[in-house]
Amino acid sequence: MEEKQRTYEIRTGCDRGLCRAAVGRQDRQLNTYDWLADVPGNAETTDLVEVQFKHTRKGYYHNVNNLPLKKGDIVAVEASPGHDIGVVTLTGRLVNLQIKKANLKSADDIKRIYRLARQVDMDKYHEAKAREHETMIESREIAKKLGLDMKIGDVEYQGDGQKAIFYYIADERVDFRQLIKDLAAAFHVRIEMKQIGARQEAGRIGGTGPCGRELCCATWMKNFVSVSTGAARYQDISLNPQKLAGMCAKLKCCLNYEVDDYMEAGKKLPNREIVLQTLDSDYFYFKADILAGLVTYSTDKRIAANLETITAERAKEIIEMNRRGEKPGDLQPDEEKKKREQENQPVDLLAGDDIHRFDKAKKKKKKKRKPQEPRNEQKNEPTKE
């Protein structure tokens, strides 16, 4: 039952979330939304097919045998040496755009699709995948014995088990010629070493970020853009290394998500160095709510004293008045000042009521009961003639 479930998951890509012809499995970070999936004849426009393998590796292949492939099919593709097993993630004319994006200029980089995976292929595939974790642990011990300053973060076996890719991270250049010999002797497969960065390693391992959601690099993020502390400065975030660092010990990628909006909103704010002059005092820039367009000023340059929060438009208005040699009476506009005075005015709870109402004794007049009339027993008696 478990074997059938695993085959179903890799074939359909529906082990979690909803699946559609255009989307596929949602936790594949290299998944591309096929917005041409429902166009008639889209799959016949080209024989190129996108095939994805473990985690962050995918390739493009020619469907030379004209197989009726669709998204989610498991195929055996050409490899060097032997063959590999992958999942079809894209077909049709959108594959041509993806090839341009991948910058594949040589036709030799595009190999062939052999066939749809058979049961024998799937058995070899699951057998090879079951060895990956044990191989990674043992390879780390071998690298440690050789005294290499590197960390093997992941191991990926080829679908037929003839080749293994070792993903490692290292700060400096590593001479791993002896390591390759020892790994080949230990595992009896062809060895390929591939260096990755700290962000890519976090994406391959996965995890949960401080926001409570799964890491972006492990779900949907394809390309890593450099992140600088300038992104934090634009958003007025304190430069605390512990809070700004992600699971990879680098600056969080999400610092770049909203920086454009903050830069655009920051252009509407006045210069921080300008001092606002009023008849009462001089006000210095203290802080700002960039997206709300509010600026807070203080009468002291170093500490928070007599803080006043005004809009950016009002601040620019005062700056223009100061340039003309004029000084307003207060930072707040007249309408805002009147509104604040009304809000701060104490409320008279007894207004419109008589405070002597409790001193007046209200005497209730008791109504005297009338004496009950005697019964006239003979009243209803018949009259005798």
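Of all heavy-atom pairs between Met122 and Ala117, the closest is SD-CB, 4.0 Å. Of all heavy-atom pairs between Cys248 and Ala202, the closest is CB-CB, 3.9 Å. Pairing each heavy atom of Ile303 with each of Ser298, the nearest pair is O-OG, 2.9 Å. Residues Ile191 and Met193 share a closest heavy-atom pair of CG2-SD, 4.0 Å. The heavy-atom pair separating Tyr297 from Ala315 by the smallest distance is OH-CB, 3.9 Å. The shortest heavy-atom contact between Leu279 and Lys327 is CG-O, 3.7 Å.
Counting heavy atoms from C-beta outward, Lys252 and Pro210 have side chains that approach closer than 4.5 Å. Between Arg140 and Met136, the closest side-chain pair of non-hydrogen atoms falls below 4.5 Å. Under the 4.5 Å side-chain criterion, counting only non-hydrogen atoms from C-beta, Asp121 is in contact with Arg115. Within the 4.5 Å cutoff, no side-chain heavy atoms of Lys111 are placed close to those of Asp84. Taking 4.5 Å as the limit, some side-chain heavy atom of Leu116 sits within range of a side-chain heavy atom of Leu69. Using a 4.5 Å cut-off on side-chain heavy atoms (C-beta onward), Trp35 and Leu94 make contact.
The main-chain N or O of Lys70 is found under 3.5 Å from a side-chain atom of Asp73 such that the two form a donor-acceptor pair. Without hydrogens or angle criteria, Thr45 side chain to Gly92 main chain gives no donor-acceptor distance under 3.5 Å. One N or O on the side chain of Gln195 and one on the backbone of Ala170 form a donor-acceptor pair closer than 3.5 Å. With Glu308 contributing its side chain and Gln332 its backbone, the two residues share no donor-acceptor pair below 3.5 Å.
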Go through the steps for Phe176 and Phe166 under the test ring pair (Phe, Tyr, Trp, His ring centres under 6.0 Å), then give the verdict.
CA-CA 12 Å; Phe176 45 73; Phe166 291 79; over 10 Å; no
Test salt bridge (Lys or Arg N to Asp or Glu O under 4.0 Å) on Arg272 and Asp236 and set out the steps.
CA-CA 13 Å; Arg272 301 186 177 192; Asp236 255 353; 3.1 Å; yes
For Asn322 and Ile274: C-alpha separation, side-chain torsions, deciding distance, then whether side chain to side chain contact (heavy atoms under 4.5 Å, CB included) applies.
CA-CA 10 Å; Asn322 294 156; Ile274 298 178; over 6 Å; no
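Looking at Glu132, His126, Glu127 one by one, the single match for side-chain hydrogen bond (donor to acceptor under 3.5 Å, both in side chains) with Lys129 turns out to be Glu132. The only option from Thr89, Val95, Asn42 that meets the side-chain contact (heavy atoms from CB on, under 4.5 Å) definition with Asp34 turns out to be Asn42.
Taking Glu141 as the reference, Ile137 meet the side-chain contact (heavy atoms from CB on, under 4.5 Å) condition, with sequence neighbours excluded. Partners of Gln178 under the side-chain contact (heavy atoms from CB on, under 4.5 Å) rule, at least two apart in sequence or in another chain, are Leu146, Lys181, Asp182.
The pair Glu317-Arg314 meets the salt-bridge criterion, since a charged nitrogen lies less than 4.0 angstrom from a carboxylate oxygen.
For the residue pair Tyr167/Glu156, the side-chain donor-acceptor check at 3.5 Å is satisfied. Using a 3.5 Å distance cut-off with no hydrogens or angles, the side chains of Gln158 and Asp160 do pair a donor with an acceptor.
In this structure, Lys316 places its NZ atom where more than 12 heavy-atom neighbours from other residues, nucleotides or ligands lie under 6.0 Å away. Counting heavy atoms of neighbouring residues, nucleotides and ligands inside a 6.0 Å radius, atom NZ of Lys124 does not exceed 12 of them.
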